[in-house]
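Here's the structure, in structure tokens; my notes come after.
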Amino acid sequence: MIAEHTPLMIEVAEITIHNSVYTTLFFDFAIDFRPGQFVMLWLPGVDEKPYSLSYYSPTRFGITIEAKGRFSRRAVALAPGDLVGIRGPFGNGFDIVSSPHTAVVAGGCGMAPLAPLVTKLHPDLCFIHGARTKEFILFQDRFARTRHITTDDGSLGHKGVVTDLLAAEIQHRTVQNQHQFDMVYACGPEMMMHAVFTLCESHRIPCQVSLERYMRCGFGVCGACVCGDRVVCTDGPVFDSAQLRNMADFNRTALLKSGRAVPLSDYVTWRCQ
Amino acid sequence: MIAEHTPLMIEVAEITIHNSVYTTLFFDFAIDFRPGQFVMLWLPGVDEKPYSLSYYSPTRFGITIEAKGRFSRRAVALAPGDLVGIRGPFGNGFDIVSSPHTAVVAGGCGMAPLAPLVTKLHPDLCFIHGARTKEFILFQDRFARTRHITTDDGSLGHKGVVTDLLAAEIQHRTVQNQHQFDMVYACGPEMMMHAVFTLCESHRIPCQVSLERYMRCGFGVCGACVCGDRVVCTDGPVFDSAQLRNMADFNRTALLKSGRAVPLSDYVTWRCQ
Amino acid sequence: MESVTFLGKQLKNPLVLASGILGNNAGILERVHRAGCGLVTMKSIGPGPRDGHNNPTVIDLGFGMINAVGLPTPGYDHMDTEWQALSGRTFPLNASIYGGSLEEFVQVARFVSEQGPEFIEINISCPNSDRHGMLFGVDEKAAFAVTNAVKRVIAVPLIAKLTPAAPDIGKIARACEDAGADAICAINTAGPGMIIDIEAQMPVLAFKKGGLSGPMIKPVAVRCVYDIYRAVSIPIIGLGGVTTGEDAVEMFMAGATLVGMGSAVRYRGIEVFDQVNRELADWLTDHHVTRDEIIGAAHDRRHTP
Amino acid sequence: MESVTFLGKQLKNPLVLASGILGNNAGILERVHRAGCGLVTMKSIGPGPRDGHNNPTVIDLGFGMINAVGLPTPGYDHMDTEWQALSGRTFPLNASIYGGSLEEFVQVARFVSEQGPEFIEINISCPNSDRHGMLFGVDEKAAFAVTNAVKRVIAVPLIAKLTPAAPDIGKIARACEDAGADAICAINTAGPGMIIDIEAQMPVLAFKKGGLSGPMIKPVAVRCVYDIYRAVSIPIIGLGGVTTGEDAVEMFMAGATLVGMGSAVRYRGIEVFDQVNRELADWLTDHHVTRDEIIGAAHDRRHTP
Ligand SMILES: Cc1cc2nc3c(=O)[nH]c(=O)nc-3n(C[C@H](O)[C@H](O)[C@H](O)COP(=O)(O)OP(=O)(O)OC[C@H]3O[C@@H](n4cnc5c(N)ncnc54)[C@H](O)[C@@H]3O)c2cc1C
Ligand SMILES: Cc1cc2nc3c(=O)[nH]c(=O)nc-3n(C[C@H](O)[C@H](O)[C@H](O)COP(=O)(O)OP(=O)(O)OC[C@H]3O[C@@H](n4cnc5c(N)ncnc54)[C@H](O)[C@@H]3O)c2cc1C
Ligand SMILES: Cc1cc2nc3c(=O)[nH]c(=O)nc-3n(C[C@H](O)[C@H](O)[C@H](O)COP(=O)(O)O)c2cc1C
Ligand SMILES: Cc1cc2nc3c(=O)[nH]c(=O)nc-3n(C[C@H](O)[C@H](O)[C@H](O)COP(=O)(O)O)c2cc1C
Ligand code: FES
Ligand code: FES
């Protein structure tokens, strides 16, 4: 870990502005890492929030931020040379299977934690990525792998949602009597992840999804991020089908900053303020 | 170190009562050790005092205690199975030279720290040991080496003091044009060590002696054991000729428990109360 | 560890989950219980919704943690789903509450008591907020007053949780006992402390100052429990820096009847409860003693039972 | 590090040896000065001979130490050889003193002032004795009274050394400033704490309780210096847990003018002074700032000089 304890102040080495909302910050720093893990990003005087690693090499890592609220807007406005605090990495990360029969399903910025995973999976994976419009497709030229795109407006790829393509592919494999997926990985809005999970369940396909909750400590103590009896920052953020089945709060309940349990939709509204 | 921090409570494994005043406590415990180092012995509810290791093997160590005052009398009255606290080892230990031309000069209980040293020196060493009477000669059958004994009353060996024999041997080597001592090690009453030092200085022979001062921390913080500008517990307890030459307080001044600097004779009187 | 009776209630073992650690919902409380915790404590519940401070709020220093979470709470009357989920529970529950005034303490206590927790713990010791709680814990009269007022409106045993910032914690404990507290819980976080990031040139915690917990405060916690044991005859929940069975033994010897853990979850995971139970049982077996026999053992004279 | 002027005296660098660490005689004080310490402080001198407590008195816990040495002192008028040796000194000297009453403080201060130390530090904060000092450090009025009384009888600048046990350390510092203190030294040991040996079933320290020092108390020390900086305009000697150049930078940013070290000697030897000087100088060079520029940097608004 680069900063298990107090945040380590490091310079933003480079910045890639993908579009009006997505920006990647790169740091030239060695960090232990498994795909799916996250760091806490501290902007002194502002706040500290969790971000998944979207790029990783032994000497450099990157996080990709969607400008949404007060904090993320400040984060994407950083310039190279600016100092920020990093704690982590935290969390469990994805369990990587070696099978050629895997699917990766990304929704919007959910691509961030999945990107470093994709490069570790068998090249024959089925890689599906959805976004609002063509412009919001992250990492356009990053992957050698084939990527199946969906957009809400049809400006690129399939007009519709990622589960359309995933369902079709699962159906295809069933019908053709081909080897079914051994694992489906998903990250994106929780409603999307729930749809993926439900789809997989109905075909008895195991999946792993990466959840998001409000976080404080990042290391399993404060309880801010609990989801049912799971602690998202340490038990997760990645959960598998067996865990999701028993997770009453999945796609249903989340805690606000006060600790108040609210329906997930209210949580999203709160985050929108 | 077995107990760098809080004392480790360990059982007295075995006890050897050498005579009316000297007793050795053995502990079956692995400890890092260099001859000349000491441990802090805690008798819960009584006090804690420094004792040199007089026996050492990878699985056992021993300390030899002269029953003098309140604490040491309690210590020699311990029985196998009793628990005591051990912190350490502390201190620098002797610098061991490989030459066959060394002398070891022990006075009374000063034999304790020297005993593990003797076994590490070249077998041709000149080994001199003085005590009040025959009965107080420690470790009678311990060494394969020849030992030259002196007693105050002549009940064993030479009647007189250890420096008589050391002076004679130095003289002999000079007159016979033999290789002079490359190192003289001494431990005993400070007055005796000072006599050895003075003798060595006049023949330009390097020596090392082990000093004793009232101690609290044992690790160079509290200042209880300072002797001139030296900290006996960490710079020492072993000091060499170069250090002794500049040590104004050697054989002259010691601090009482209150920190008061007094002539060494007063210090000894105080310890006698 | 064997089960113990505490203030008339049966606990499966003498370990307690500290307030503010994980205890944010029924699911996790039950899981901690399943993981070997005899008594789980809820995160302190306050009079009205409160977000707490911005991040950073909790930082691990390696030999302990510093936190200024700022008493976030949904507010006692915005927790319907939680109270409902907890009503069907199969484990004993300690409900921690706080208020900014005596009236608020009473208001929260009365409501919470009706939810039927096994115990109510009053947090008169939290240092993370400008307005909340702390005053009561450093002043004998205030401690008496709030304990007394809460005691009158609740139907379950009352535990007073104290801060080591009290000039004489024994006296505060005595005041709580006199006011009707059934047990003392000690300690809340120590300090407060501050860590400054020298590159950012500012305090790391958004609230600047924070309370210290974990191994580095164990000596302070042990001293407090020791002092309280001499001052009162009601039982003590000893916590602060406990992470091993041996630490628990130390707390018992200082005078604790139950032993709590919070920060230990950072260092050994939720499994720490099962682990400490096992370590504790092993130690007692090896030493041919019972937990009862070692309570207060470090005192020259112990309580006569 | 470069030399600094402190209360009108020239110091070769801004590092200070904490009282009670090694400073038992002229020889070792000189050696610590040679090893890179700008200002050495003597072990606190009291009104009459006092042996202090039996051992164990000082125990290292790894992340800090606990001690109850018990204010041993030859007594100010039993130190003739020491005063004589110090009279020919070539280094600036801070003489720490204590008393059990205002009268004793005055008595010791008057005598010690005549020995001509560069500074006198009043230890109104030592927790290791039942009768000595502490009361003055937790009560504003008492702190004012003793500072004022000592100030009247001495001819050298006065430093008031404070305890973190004060409920509001800023107020105590202000009282000392108002009473004529020329500087504040903070902090003395924290806690108190206790460690119990579970095999011996008793507290390890003979005095049972002891003060905490070293790395584990740095957050408390930084918070205290931060609070004091906001409360007074006299300079602060910041100490408590400093062992590296970065720790010293943190203390400066909290508001310290000089930085003291005590327990650090356990962890890095007497050479720690030279090492910290070097680390500090390197940090300042790397960051293109001076020590002056970082003093108080962690505050939103700094003192105007
Ligand atoms: C483990 C983990 C990993 C994360 N990784 C990333 C990442 O790689 N990239 C990234 O951009 N963010 C990531 N986040 C989210 C991130 O931490 C912030 O919550 C996010 O940047 C919003 O912060 P903000 O303060 O700018 O927005 P806030 O001021 O908190 O809220 C404003 C915006 O947040 C949106 N929002 C926040 N949370 C949710 C949610 N749960 N569901 C729907 N909308 C929400 C709202 O729609 C709104 O637009 C991650 C969170 C977790 C817990
Ligand atoms: C580094 C070090 C190593 C030591 N190793 C040993 C050891 O191996 N064996 C051992 O028995 N002791 C050793 N000592 C001394 C030991 O720590 C105690 O001081 C000693 O046992 C006396 O303790 P007490 O409480 O019984 O006597 P006290 O009550 O302190 O004093 C009573 C007796 O102590 C004698 N005494 C104490 N100190 C001195 C002195 N400096 N010079 C002359 N007489 C003195 C007095 O003559 C008197 O008889 C060592 C001390 C140090 C500093
Ligand atoms: C992140 C965090 C949050 C806490 N929140 C509360 C709280 O809400 N109420 C309370 O009484 N104590 C709270 N505490 C204090 C703990 O209950 C406990 O008293 C303290 O941490 C010492 O125990 P430990 O060293 O085992 O952690 C909190 C502690 C931490 C670390
Ligand atoms: C063994 C020991 C003895 C001390 N004696 C004194 C003393 O006599 N007078 C005093 O003002 N402070 C005394 N202190 C406190 C230190 O001066 C210092 O304030 C404290 O240790 C915090 O600094 P540190 O963390 O750098 O050690 C003592 C500390 C220790 C560890
Ligand atoms: S963020 Fe604190 S427990 Fe997960
Ligand atoms: S015994 Fe404390 S410095 Fe030597």
Side-chain angles (χ1 to χ4, degrees), chain B residues 1 3-11 40-50 70-71 82-85 87-88 90 213-235 246-249 252-263 270, chain D residues 20-32 34 42-43 45-46 48-63 65-67 69 72-75 78-82 85 195-206 213-214 262-267 269-270:
Chain B
M1 307 223 195
E4 209 181 347
H5 303 145
T6 49
L8 187 74
M9 297 300 293
I10 53 178
E11 279 185 12
M40 297 295 291
L41 172 70
W42 177 40
L43 304 186
V46 187
D47 210 322
E48 189 195 40
K49 303 233 167 185
R70 194 173 79 95
F71 183 83
D82 286 350
L83 281 174
V84 302
R87 285 196 294 139
F90 297 114
R213 287 294 183 275
Y214 184 74
M215 289 186 178
R216 283 196 174 93
C217 66
F219 46 68
V221 159
C222 74
C225 70
V226 292
C227 180
D229 71 349
R230 293 292 119 183
V231 184
V232 174
C233 66
T234 44
D235 295 326
N246 298 308
M247 200 181 286
D249 290 352
R252 200 165 300 144
T253 308
L255 306 190
L256 301 184
K257 197 172 171 185
S258 66
R260 182 170 178 181
V262 294
W270 165 66
Chain D
I21 309 301
L22 290 178
N24 259 342
N25 72 15
I28 196 75
L29 287 165
E30 191 199 336
R31 177 170 163 203
V32 172
R34 265 189 284 120
M42 297 171 78
K43 168 93 190 148
I45 299 159
R50 190 180 147 90
D51 275 350
H53 303 310
N54 279 344
N55 283 332
T57 45
V58 193
I59 295 289
D60 181 17
L61 303 172
F63 41 71
M65 311 190 323
I66 185 166
N67 92 81
V69 170
T73 179
H78 294 80
M79 299 171 58
D80 297 352
T81 45
E82 225 44 59
I195 48 171
I196 292 170
D197 188 284
I198 61 176
E199 301 299 333
Q201 307 209 355
M202 57 165 70
V204 174
L205 295 178
S213 64
S263 305
V265 169
R266 158 65 170 154
Y267 302 109
I270 294 180

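Within every chain, numbering begins at 1; the chains are lettered A, B, ... in the order of the sequence lines, protein sequences first and strands thereafter. All of these numbers come straight from a predicted model, not from anything done at the bench.
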When only pairs under 4.5 Å are counted, which of [options] shares the most heavy-atom pairs with chain B?
options	result
Val58(D), Leu29(D), Ile270(D), Asp80(D)	Val58(D)
Ala85(D), Pro74(D), Gly27(D), Gly75(D)	Pro74(D)
Ala206(D), Gly62(D), Ser263(D)	Gly62(D)
Ile195(D), Ile66(D), Thr73(D)	Thr73(D)
Val265(D), Thr81(D), Asn25(D), Val32(D)	Asn25(D)

- [ ] Select one option (side chain, backbone, both, neither) describing which atoms of Asp82(B) are under 4.5 Å from chain D's heavy atoms.
- [x] neither
TODO: Counting only heavy atoms closer than 4.5 Å, note whether Val46(B) contacts chain D via side chain, backbone, both or neither.
DONE: backbone
Open item on the list: Whether Asp60(D) and Arg87(B) form a salt bridge (side-chain N of Lys/Arg under 4.0 Å from carboxylate O of Asp/Glu) is what I want to check.
Closed with: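 So Arg87(B) does not pair with Asp60(D) through a salt bridge.
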Open item on the list: Tell me whether Arg31(D) is salt-bridged to Asp235(B), with the criterion being a basic N under 4.0 Å from an acidic carboxylate O.
Closed with: yes
Open item on the list: Tell me whether Asp51(D) contacts the main-chain N or O of Lys257(B) through its side chain, where contact means a donor paired with an acceptor under 3.5 Å.
Closed with: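 No, the answer is negative, given that no donor and acceptor are paired below the 3.5 Å cut-off.
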Task: Side chain Asn55(D), main chain Glu48(B), donor-acceptor under 3.5 Å - done: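 Pair found, side chain donor or acceptor close to backbone of Glu48(B).
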Any side-chain heavy atom of [X] within less than 4.5 Å of one from [Y]?
X	Y	value
Met65(D)	Val221(B)	yes
Asp229(B)	Glu30(D)	no
Cys222(B)	Asn24(D)	no
His5(B)	Leu61(D)	no
Cys217(B)	Thr57(D)	no
Pro44(B)	Met202(D)	yes
Arg216(B)	Pro72(D)	yes

Pairwise distance [atom1]([X]) to [atom2]([Y]) - rounded to 0.5 angstrom:
X	Y	atom1	atom2	value
Met79(D)	Ser258(B)	CE	OG	10.0 Å
Leu83(B)	Gln201(D)	CG	CD	10.0 Å
Ile196(D)	Thr6(B)	CD1	OG1	12.5 Å
Asn54(D)	Phe71(B)	CG	CZ	10.0 Å
Asp47(B)	His53(D)	CG	NE2	12.5 Å

Where does [X] contact chain B at under 4.5 Å (heavy atoms): side chain, backbone, both or neither?
X	answer
Pro49(D)	neither
Asp197(D)	side chain
Ala200(D)	both

